[in-house]
There are 2 protein chains.
Amino acid sequence: MTETTTRDRPLRADAERTVRTILEVAERVLGEDPTASLAQIAAAAGVARTTLHRRFASREALIDAMAVHAFRQVEEAIDVGRPETAPPLVALHQITANVIQVKSGWRYTVGQPQLRDPEAVAAHERIFTKGHLLLDRAQQAGLLRPDADLEWARRVYHALIEQAIQVQAETATDPDTLAAAVVDTLLNGLGPERS
Amino acid sequence: MTETTTRDRPLRADAERTVRTILEVAERVLGEDPTASLAQIAAAAGVARTTLHRRFASREALIDAMAVHAFRQVEEAIDVGRPETAPPLVALHQITANVIQVKSGWRYTVGQPQLRDPEAVAAHERIFTKGHLLLDRAQQAGLLRPDADLEWARRVYHALIEQAIQVQAETATDPDTLAAAVVDTLLNGLGPERS
DNA sequence: CTGAACTGCAACATCAACGTATCAGAGAAA
DNA sequence: TTTCTCTGATACGTTGATGTTGCAGTTCAG
């Protein structure tokens, strides 16, 4: 019985939990060893291997589902920071902290190079756009140089967040502290105060 | 005949080339698909699968060899920039450009999380130290804030280089231009000039 | 309560990747 | 030229991952 992503009927409550558990455990296991087998993942999740196959037709399907799940959470993390309405500096800080928080829990998935699932791709694009928009507002508010390349800015911002996530993984630092460091570095760099 | 890394006699010239070709092709193929089989790699390299096995006992051995090869090149790229003697700003720019150049050709290998081969680990540590040292000199020269956290600085520097590499992969920009952007962003950030 | 959904277990089939061995021929190296 | 190394081709055996099926027992939902 080949199971596809779309279902005629909604999952039962316990099955829903099983799915979520598998997704979260898979993230952890694959984060430790990207070549881990589905059997290992199933065992770590405390379910039979057949159950995993029942929910996810193949390894690819599982990873795709993880991507959708993760990117939805990231998008949510951005949205609650009101990127369009909150004062740019506030939104910048808040969103940075939120994203660091969420992405820390989905390092493997988010780090995957290629997105196969169209829904994941769509979510990723929305996230991309929202980040761009946020930086655009920051620029218009004078937080970024008027002549700054927004594409480069977005990349730098992204890279700084990645670093913050690594720091968090190693030292369990408060997300707000990290967000402050990210924003400060993004805007001011590490050079001396200029007169 | 299980072949180990150490050999009694040096490789013949043509065999030496074969090894290098395999390493370089493996980087490219695995970069496109990290799950590519050894057979695919061998085919792409234009050698028989048995030849690949002759030179590299296992998949792990191959990847380890790639790591050693790549990190040696990165170290070389740093060294020619005279990180200990050249004026800090010059060294910073030069080394940044060199490293971007080299790392661009070894994205997959350098991006690998865990280093098994002790030689690769050693090289990585030396690189790590040299980067730290460079930033330390930069700080003493007043390029970085006196109170800047050098560990965070190193991370940021590293992250910016990674981004530059991605830009290069997509737009084939001149390494010097990218290095300038990296150094400028590192020191000044993207915020407006402060009075 | 009762049917439907869900899970674990066991068994099975397939298959690709891996690793090894052998040998004949081509090609460096001396 | 002669020796030794290297390579390609072929063939084989092993193993682990993957995917499927059937069924019996459990648990949710209405």
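A note on names: the letters A, B, ... follow the listed sequences, proteins ahead of strands, and every chain is numbered from 1.
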Margin query: Do A:Asn188 and B:Asn188 have side chains that approach each other closer than 4.5 Å (heavy atoms only, starting at C-beta)?
Written below: no
Check: Taking 4.0 angstrom as the limit, do A:Arg12 and A:Glu16 come out as a salt bridge?
Finding: no
Check: Under the salt bridge (Lys or Arg N to Asp or Glu O under 4.0 Å) rule, what pairs show up with a residue in residues 76-93 of chain A, not counting sequence neighbours?
Finding: A:Asp79-A:Lys130
Next item on the list: Grab the NE2-P distance between B:His53 and C:dC18 for me, whole Å please.
Entry: 7 Å
Next item on the list: Test for a donor-acceptor pair under 3.5 Å between the base of D:dT27 and the side chain of A:Arg12, counting only N and O atoms.
Entry: yes
Checklist line | Pair A:Thr173, A:Gln168: side-chain N/O donor-acceptor within cut-off below 3.5 Å | finding: no
Check: Once you build an axis from the first five pairs and another from the last five of the helix from C:dC1-D:dG30 to C:dA30-D:dT1, how far apart in angle are they, to 10 degrees?
Finding: 50°
Next item on the list: Could you tell me the separation between the CD atom of A:Glu16 and the P atom of C:dT7, rounded to a whole number of Å?
Entry: 11 Å
Notebook entry, point to check: In residues 25-51 of chain B, what residues come within less than 4.0 Å of DNA chain D, judged by heavy atoms?
Noted result: B:Gly46, B:Val47, B:Ala48, B:Thr50, B:Thr51
Next item on the list: Find the distance B:Phe56:CZ to C:dC18:P and express it as a whole number of Å.
Entry: 14 Å
Next item on the list: Nearest whole angstrom, please: distance from the C1' of C:dT7 to the CZ of A:Arg55.
Entry: 9 Å
Notebook entry, point to check: Between B:Asp14 and B:Arg20, is there a side-chain N and carboxylate O pair less than 4.0 Å apart?
Noted result: no
Note to self: Are more than 12 heavy atoms, taken from residues, nucleotides or ligands other than B:Arg116, located less than 6.0 Å from that residue's CZ atom?
What the structure shows: yes
Next item on the list: Let me know the distance between CG of B:Asp14 and P of C:dG27, rounded to the nearest Å.
Entry: 10 Å
Notebook entry, point to check: Between CD1 of A:Ile127 and CZ of A:Arg72, what distance do you get to the nearest 0.5 Å?
Noted result: 11.0 Å
Item checked: Atom pair distance, as rounded to whole Å: CD1 in A:Ile22 and C1' in C:dC6 -> 12 Å
Item checked: For B:Pro192 against A:Leu143, the heavy-atom pair lying closest together -> CD-O, 3.1 Å
Item checked: Nearest-angstrom distance from the residue atom CG of B:Leu62 to C1' of C:dC18 -> 13 Å
Checklist line | Residue whose nearest DNA chain C nucleotide is more 5′ - B:Arg59 or B:Ala13 | finding: B:Arg59
Checklist line | Donor/acceptor link under 3.5 angstrom from A:Arg54 side chain onto base of C:dG8 | finding: yes
Check: Could you state the CG-C1' distance from B:Leu52 to D:dG8, rounded to the nearest angstrom?
Finding: 13 Å
Note to self: Are A:Val25 and A:Leu52 connected into the same hydrophobic cluster when the rule is that any two of I, L, V, M, F, W, Y join if their side-chain heavy atoms are below 4.5 Å apart?
What the structure shows: yes
